[in-house]
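Numbers restart at 1 for each chain; the letters A, B, ... are given by sequence-line order, proteins then strands.
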There are 2 protein chains.
Amino acid sequence: MLKQETLSKNQQIVLDYIEKVNEPIKAYSILHNLQKKGIKAPLQVYRALDKLVKIGKIHKIESRNAFVACKNSNCQISKATAFSICESCEEVSEISDSKLSKYLKNFQDKAGMKFNKYNLEFFGLCKKCSVK
Amino acid sequence: MLKQETLSKNQQIVLDYIEKVNEPIKAYSILHNLQKKGIKAPLQVYRALDKLVKIGKIHKIESRNAFVACKNSNCQISKATAFSICESCEEVSEISDSKLSKYLKNFQDKAGMKFNKYNLEFFGLCKKCSVK
DNA sequence: TACACAATGTTATATTATAACAATTAACAC
DNA sequence: GTGTTAATTGTTATAATATAACATTGTGTA
Ligand SMILES: [Zn+2]
Ligand SMILES: [Zn+2]
Ligand SMILES: [Zn+2]
Ligand SMILES: [Zn+2]
């Protein structure tokens, strides 16, 4: 079978919702909000999330246990992710910076480990929260 | 009161253990292994972990929900962390690279957000696992 | 058709983390 | 020392996040 190009029913339902809310959202919040669409058990959510992460449609914000739609249609799907996180309002933005991603992709550690993926999370205060 | 310099009893017990095992360890594993030292409830562990993270003695590996002792006595305590993680054997090393940390500390995102902290996790195969 | 594999449904359970409240201890000013 | 404050501890219960196990159904391909 060829690599699938179309999402399954549950995968599409979950992705549509994550893209709609347009901010990081937690698995059980997805679950609670999609009851009427037939998403009734945690596994329906987690299975869809797993797949969507794998194919790069969404990313997991590890420090928040939350999921967000990918904003970089052309990003190195799920292999090179960077986010900025406001510790006050919890706003999260995906960073798209070719110099940064180039730098990190080429980074070589002293132990000679071969990297194929990274995740970077910056924390601070967004503009709105800085002036408060 | 001045910033405390000595750890409390539970904090010291937990830190000693994390430093001894010398690899990422999970909260409930700590709990199970320190029963005889009087650590009997999750909160005793989590409170100590919180404090130890705050003062930079340990770091949390976010993608693994695990905690590891800091190897960089002179690192920007808990404000600038980078790790390499082998996806095969789960070996984790703390990266100490002044060029990398300088680059990231100075990184400026397009939204003008002011960062005061970051966490970077690289994934790949360690040398041992590469040759398998 | 038969086969392989992906996806689903379902129940139960495992793992990770915090709420709430009372009691105790340590540091400091006077 | 006394009083005051903040940090730490103890304890029970519960919340939040995630996976195991197994049966079933759908989908593409030979
Ligand atoms: Zn992306
Ligand atoms: Zn903010
Ligand atoms: Zn460190
Ligand atoms: Zn390895």
Just how far, in rounded Å, is P of C:dG9 from NZ of A:Lys37?
15 Å
Short side-chain N/O contact to C:dT8 OP1/OP2 from A:Lys51, under 4.0 Å
no
Check whether any side-chain N or O of A:Lys9 sits under 4.0 Å from OP1 or OP2 of C:dA7, and answer yes or no.
no
I'd like to know if the side chain of B:Glu87 and the backbone of B:Phe123 have a donor-acceptor N/O pair within less than 3.5 Å.
no
In whole angstroms, how far is the P atom of D:dT14 from the OH atom of B:Tyr46?
19 Å
Examine D:dA7: is either OP1 or OP2 under 4.0 Å from a nitrogen or oxygen in the side chain of B:Lys54? Give yes or no.
no
Side chain of B:Gln44, heavy atoms from C-beta onward: which of D:dG10, D:dT8, C:dA17 has the nearest atom to it?
D:dG10
Indicate whether the side chain of B:Ser63 and that of B:Glu121 have a donor and an acceptor atom separated by less than 3.5 Å.
yes
Does OP1 or OP2 of D:dA16 have a side-chain N or O of A:Lys26 closer than 4.0 Å?
no
Looking only at the side chain of B:Pro42 (C-beta and beyond, no hydrogens), which of the listed nucleotides C:dT18, C:dG9, D:dT11 gets closest?
C:dT18
Evaluation steps, ring pair (Phe, Tyr, Trp, His ring centres under 6.0 Å), between B:Phe107 and A:Phe122:
CA-CA 10 Å; B:Phe107 178 76; A:Phe122 283 105; 5.2 Å; yes
Rounded to the nearest angstrom, tell me the gap between atom CZ in B:Arg64 and atom P in C:dT15.
17 Å
Side-chain contact check for A:Leu43: nearest option of D:dA18, D:dA21, D:dT9 is D:dA21
Taking OP1 and OP2 of D:dG10, is either one under 4.0 Å from a side-chain nitrogen or oxygen of B:Asn10?
yes
So does A:Lys128 pair up with A:Glu91, basic N to acidic O under 4.0 Å?
yes
What is the separation between atom CD1 on B:Ile55 and atom C1' on D:dT8, rounded to the nearest whole Å?
14 Å
What is the distance from atom NZ of A:Lys40 to atom CG of A:Leu31, rounded to the nearest 0.5 Å?
11.5 Å
Starting at CD of B:Gln11 and ending at P of C:dT25, how long is that distance when rounded to a whole Å?
16 Å
Taking the nucleotide of DNA chain C with the nearest heavy atom to each, does B:Ala27 or B:Arg47 sit closer to the 5' end?
B:Ala27
Quick check on D:dA18: is either OP1 or OP2 less than 4.0 Å from any side-chain nitrogen or oxygen of A:Asn65?
yes
Residue-phosphate contact under 4.0 Å: A:Lys40 side-chain N/O, C:dG9 OP1/OP2
no
Working to the nearest 0.5 Å, report the span between SG of B:Cys129 and CD of B:Glu90.
9.5 Å
A:Asp50 CG to C:dA7 C1', in whole Å, measures 13 Å
Would you state whether a donor and an acceptor, one from the side chain of B:Tyr28 and one from the base of C:dA17, lie under 3.5 Å apart?
yes
Should B:Ser8 be listed as having a side-chain N or O under 4.0 Å from OP1 or OP2 of D:dT9?
yes
In this structure, how many angstroms lie between the P atom of C:dT8 and the CG atom of A:Leu34, rounded?
13 Å
Spacing of B:Leu31 atom CG relative to D:dT11 atom C1', expressed in whole Å
13 Å
